[in-house]
Amino acid sequence: MKQQFLAMLLARGMSSVLQAANLVLLARSASLEDFGLLAVLTSVSVLILTFFDLGMSTLIPKSRALNLHEQVSAGLRLNAISTYLLAAISTTSFYIGYLFNQVPLWTVILVCALALEKKIETALSVFIADGNKSIPNFSILLRRLIPFLGTATAVWIHDDTILVYSAAYLVVVFLSVLNVDRLLRGRLKVRRSGRHSLRRIATESWPYFIGNLSAHARYIDTSLVAAVTSITGAAIYSAASKVVNPLQLVPQTLTAILMPHSARLNAVEARSLVNRLTLAFLSMLLLLVPTTFFAAPIVTILFGPDFLAAAPVLGVSLLALPFVTLSSPLGSVLQGQGLEKFVALNGVITAAVMLIAIPSFAIMWGVVGAAAAVGFSFTLKCGLLFFRSRSLA
C-alpha cells in the first residue's frame, strides 16, 4: 500500500501542478466573467457527475478487493450506461443553449469531456484496487498535461484560451476512454457478467451513492456564492479555492486507496488507522496557520491584482482545509468496515447544514462567510465520523 500511495501521490502531485498552472493561465487570459462561468460550471459538474456515478466509484474498488467479480462487472456496465446517458443529455442541452446564444461554444465541449471523464475515473478504480501503480497514474497525468499544453499554446498565439483548453480536454478524454476499455477487456475477471443484474447492483450501491453525493455537495459552493453575490464574486471565491485544491492531493490519494485497503482490516486496525489519520491531518494546522498571513501576496502573484479580494477567502479556506480533507478518508475507512449507511446519513445531515450555511453566511459576510460555512460544516462532519469510529471493536 505504501509504494502505491507514494506512486499515486507523485503522479497526482504533478497533475495538480499542471492543473493549477492551467487555471492560472486561464484566469490571466480570460475575462473575469468567463472565468467565473468556468468556475460555476466545473463546480456544479462535480455534483452532477457524482449523481450519475450512482456510487460505482466506491462500490467497484471495494468489490474488487473482496474478489466479487460479477459485482465489479455489473458496476462497470452500469457506469458505462450512466456515462453515455449523461454525455448525451448535457451536450445536447448546452448545444441548444449555444444555438440560442445563451452559452459560449466552449461550454458544449467542456460538459461532454467532463461527462466522459467520469467513466475513466470509475473504471480506473479497478486497477487501484489491484495495486497497479502505472495505469491510473499515467492516465491522470496525460489528462492534465494535454489540456495544459492546449491552453499554453492558445495564450502564445493569442487565441480563445478556454475554447482551446476545452477542445484539448475532450480529445484526451475520448482517447483515454478507448484505452481504459481496451485495458479492462484484457482482464478476464472483469468481463464476467450474467447473474448480477444492473438493478441489483444499483440497489447495493445506494449507501455509497448517498455518501458520495453528500460529500460532493460542497462543490456547488461556487454556484451558491454566484447566486447570492454575483458572477464576479464567484470568480473571486473560486480563485481562492483553486489555490487550496492542490493541497487536497494527499487526502484524495488516500481516499482512492483506503476503500479497498480498509475492507481487509479488522475493527481494531481500522480504529487505529482513524486515529493516525486524524492526528496527521490536524497537524497540518501547524503549517497552515502561518501561511494565512501570506494570503494576499499569494493570490496577487498567481492571479493578478484583480483577485486581491480573494485573500481573506484563502485565509479562511486554509484554516478549514484539515477538516475538509479529513472527512473523505475517515468515511472510506468506515465504509470499508461496513458502516456505509452511517456514512451516508452523516453526509446527508452535514450537507444539509452546509447548503443552508453557505448562502446564509454569504449574505452576512460575503464570500468570506461562504468559506467559513464550508469549514464549519466539515468540522461537524469529521467530528461525527470520528466519534462513530470509537464503536469499532
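Note that the coordinates shown come from a computational prediction; the quantities given were computed from them, not determined experimentally.
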| Given N266 and R271, is the side chain to side chain donor-acceptor pair (under 3.5 Å) satisfied, shown in steps? | CA-CA 9 Å; N266 59 44; R271 190 171 64 248; over 6 Å; no
| request: Show the numbers, then the answer: is there a side chain to side chain donor-acceptor pair (under 3.5 Å) between S57 and K118? | output: CA-CA 9 Å; S57 60; K118 180 190 81 68; over 6 Å; no
| request: Tell me, with the steps shown, if E70 and R200 meet salt bridge (charged side-chain N to carboxylate O under 4.0 Å, His left out). | output: CA-CA 11 Å; E70 289 188 357; R200 180 181 171 186; 5.8 Å; no
| field | Step-by-step ring-ring contact (aromatic ring centres under 6.0 Å, His included) determination, F281 to F323 | value | CA-CA 8 Å; F281 277 79; F323 304 98; over 10 Å; no
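Within the structure, no pair that satisfies the side chain to side chain donor-acceptor pair (under 3.5 Å) test touches residues 95-105, not counting sequence neighbours. Pairs engaging residues 331-342 under the salt bridge (charged side-chain N to carboxylate O under 4.0 Å, His left out) rule: K62-E340 [sequence neighbours left out]. The stretch residues 144-155 participates, sequence neighbours left out, in these salt bridge (charged side-chain N to carboxylate O under 4.0 Å, His left out) pairs: E117-R144. Residue pairs meeting the salt bridge (charged side-chain N to carboxylate O under 4.0 Å, His left out) criterion with at least one partner in residues 364-382, sequence neighbours excluded, do not occur; the list is empty.
Of the inter-residue distances, the one linking L175 atom CG with I120 atom CD1 reads 9.5 Å to the nearest 0.5 angstrom. Atom CD1 of I60 and atom CG of L76 lie 4.5 Å apart (nearest 0.5 Å). We find the CG-OG1 distance between L25 and T161 to be 8.5 Å, quoted to the nearest 0.5 Å.
For the side-chain contact (heavy atoms from CB on, under 4.5 Å) with C112, the lone residue among L116, L114, L110, V108 that qualifies is L116. The side-chain hydrogen bond (donor to acceptor under 3.5 Å, both in side chains) test with T122 singles out one residue from T83, T58, D53, and that residue is D53.
The local environment of OH in Y84 is crowded, with over 12 non-hydrogen atoms from other residues, nucleotides or ligands closer than 6.0 Å.
Under the 30°/60° scheme for interplanar angles, the aromatic rings of F35 and F307 are found to stand perpendicular. By the 30° and 60° cut-offs, the orientation of the rings of F209 relative to F51 is perpendicular.
Here Y165 pairs with Y169 under the ring pair (Phe, Tyr, Trp, His ring centres under 6.0 Å) rule; sequence neighbours left out. Every residue meeting the salt bridge (Lys or Arg N to Asp or Glu O under 4.0 Å) condition with K119, not counting sequence neighbours, appears here in chain and number order: D181.
A distance-only check finds no donor-acceptor pair linking the side chain of S73 to the backbone of H69 [under 3.5 Å].
Judged purely by distance below 3.5 Å, without hydrogens or angles, the side chains of T50 and N212 never pair a donor atom with an acceptor atom. For the residue pair S223 / D221, no side-chain donor-acceptor distance below 3.5 Å is found, with atom types taken as modelled.
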